[in-house]
Amino acid sequence: MYILIFQVNGNAMNSIWAEQALLADGWARDVSVRLDGDRIAAVAAGTAPAPGAQRVGVLVPAPTNLHSHAFQRAMAGLTERRGPDPRDTFWTWRQLMFRFLDRLSPDDVQAIAAFVQLEMLEAGFAAVAEFHYLHHAPGGVPYADLAEMSSRIAAAAGQTGIGLTLLPVLYQQGGCDGRPLAEGQIRFGNDPERFARLVEGAEAALAVLPADARLGIAPHSLRAVTSEGLAACALLRPDAPLHMHLAEQVAEVDEVRAHTGRRPVEWLLDNAAVDDRWCLIHCTQMERHETLALAATGAVAGLCPITESSLGDGIFDGVAWTGAGGRWGVGSDSNIRISLIEELRMLDYSQRLRDRVRAALASREKSTGRMLLEGAVQGGAQAAARDAGAIEAGRLADLTALDAAHVDLDGLAGDTLLDSWIFAGGSGMVSDVWAAGRHLVAGGRHAAREGITAAYRGAVRRLKTL
């Protein structure tokens with residue numbers, strides 16, 4: 001059942017007034033932002049607050065969380081013990097994840113997804129691209145509604161109001177050699193024909209959400225789909241976002257190279273028309289020539305620095321990528337920790353640690369914090385096919401307000417304020433969030449926090465006793 005709490009009246013006018021705001025052309029003071037339904041109608045600096053305007057200290061464009069596996073949130077903190085393998089890796093973690101997900105019911109998935117989305121909103125994200133591959137019942141038996149689980153992700157978005165780009169995932173095989181799906185993967189599996197029907201069901205599930213909801217397509221990885229399956233995904237919704245894991249682990253690179261004779265990025269660029277509708281997730285195992293070639297396509301690099309650190313994936317070469325004009329955004333992936341600023345901080349610190357420098361991603365004109373936020377905002381909007389990414393007339397009203405009176409922000413302005421938020425602060429600095437004009441977070445709390453948290457608590461308690 002859908003519980004649509006947050007709707008936007010297309011004729012409603014709302015006004016926000018900010019002491020300072022990061023606009024498309026830079027910082028401005030005393031800024032009025034007028035909303036018309038889900039979009040920004042007008043922006044003016046040097047103004048007095050309009051009667052009834054929502055007053056905030058600092059207003060910035062809100063990013064999209066471009067990569068999430070919502071259900072993994074319920075595993076956070078449960079996989080930090082070493083098993084019998086003397087070297088704990090991504091692959092041993094994955095086996096634990098497979099065992100956990102086999103317990104999940106549709107009700108569990110909705111409760112977990114709603115809580116995850118609530119946490120994202122309170123962290124300052126306005127939208128999420130959900131990379132959704134848990135499709136079937138335990139044992140791999142399809143539900144009567146093939147898109148039952150996709151519908152539950154959409155239902156969660158109806159509860160939270162978050163902007164949703166739903167990415168049903170095609171998962172065909174257990175590896176490049178075409179081996180069958182293992183027991184832990186069988187709930188993911190579809191052939192391209194059944195997957196196309198599942199996508200139709202997911203699209204129907206989105207129809208009851210606000211108009212900013214989007215559908216995308218996600219071939220899981222070069223290990224999990226055939227070349228024919230990848231081509232079918234590209235044609236299934238030719239104008240929709242296309243997301244795929246790519247070059248995350250050394251073992252993955254070795255497997256693809258052994259099967260195709262090429263490294264993953266090399267093979268993809270030789271065999272697919274990669275362009276700006278693509279979002280390639282992780283890309284932590286790229287050589288320099290691959291980094292430069294992939295950046296030139298206009299595709300977004302989907303970075304998840306907290307998860308990549310947790311799983312020992314490696315370090316994305318953000319310096320070379322941004323130097324080549326590459327676009328990027330951030331996601332929370334395993335949702336072990338949902339924090340916009342910690343994802344950005346981890347991304348920057350990883351570059352500093354690798355190269356033994358400071359302010360690795362700053363430019364002469366913009367500070368590190370400014371470069372990080374604007375990169376995440378613009379890349380996330382592109383990856384999710386959201387007409388957002390800046391505070392300017394005509395864009396979706398995806399907005400985040402910061403508490404200018406917070407002890408670590410008090411008296412600061414412009415780029416210095418962003419640097420303090422990202423490098424000295426916590427999520428508690430976020431005061432308000434709007435997703436396509438829906439005012440979802442006020443005073444740092446989501447409007448439906450109590451009920452959503454109670455449902456999540458109940459689901460997790462049941463799962464931990466199984």
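Predicted model only: the values in this text are computed from it and were never measured.
- Ionic pairing of D239 and R277 is not present here: no N-O contact between side-chain nitrogen and carboxylate oxygen is shorter than 4.0 angstrom.
- Side-chain contact of Q382 with R327: a donor-acceptor pair under 3.5 Å is present, judged by distance alone.
- Formation of a donor-acceptor pair under 3.5 Å by the E308 side chain with backbone atoms of C304 is found in this model.
- Looking at S334 and Q72, their side chains never bring a donor and an acceptor atom within 3.5 Å of each other.
- Between R257 and E266 there is no salt bridge, since no side-chain N of the basic residue sits under 4.0 Å from a carboxylate O of the acidic one.
- Between E122 and R445 no salt bridge is recorded (no basic side-chain N to carboxylate O distance below 4.0 Å).
- For an aromatic pair to be called close, the ring centres must be under 6.0 Å apart, and F71 with H132 fails this.
- For D317, the salt bridge (charged side-chain N to carboxylate O under 4.0 Å, His left out) partners two or more places apart in sequence, or in a different chain, are R354.
- Using a 4.5 Å cut-off on side-chain heavy atoms (C-beta onward), T297 and W278 make no contact.
- No more than 12 heavy atoms of other residues, nucleotides or ligands sit less than 6.0 Å from atom CD of E450.
- For R194, the CZ atom counts as densely surrounded, since its 6.0 Å shell holds more than 12 non-hydrogen atoms of other residues, nucleotides or ligands.
- In this model, a donor atom of one side chain and an acceptor atom of the other lie less than 3.5 Å apart for N190 and H136.
- Inter-residue side-chain proximity for L22 and L418 is flagged as met; some heavy-atom pair is nearer than 4.5 Å.
- Using cut-offs of 30° and 60° on the angle between ring planes, the pair Y171 and Y133 is tilted.
- For the side chain to side chain contact (heavy atoms under 4.5 Å, CB included) with W434, the lone residue among I40, L59, D38 that qualifies is L59.
- In this structure, the ring of H69 has its center no less than 6.0 angstrom from the ring center of H243.
- No salt bridge links E343 with R337; every basic N to acidic carboxylate O contact stays at or beyond 4.0 Å.
- Under the 3.5 Å distance criterion, with hydrogens and angles disregarded, a donor-acceptor pair is assigned to the side chains of Q159 and Q110.
- When side chains are defined from C-beta on, L294 counts as touching M286, because their heavy atoms get closer than 4.5 Å.
- The existence of a salt bridge linking R395 and E392 is confirmed by a sub-4.0 Å separation between a basic side-chain nitrogen and an acidic carboxylate oxygen.
- Side-chain polar atoms of S68 and N335 form a donor-acceptor pair below 3.5 angstrom.
- R179 and D177 are joined by a salt bridge, as a carboxylate oxygen and a charged side-chain nitrogen come within less than 4.0 angstrom of each other.
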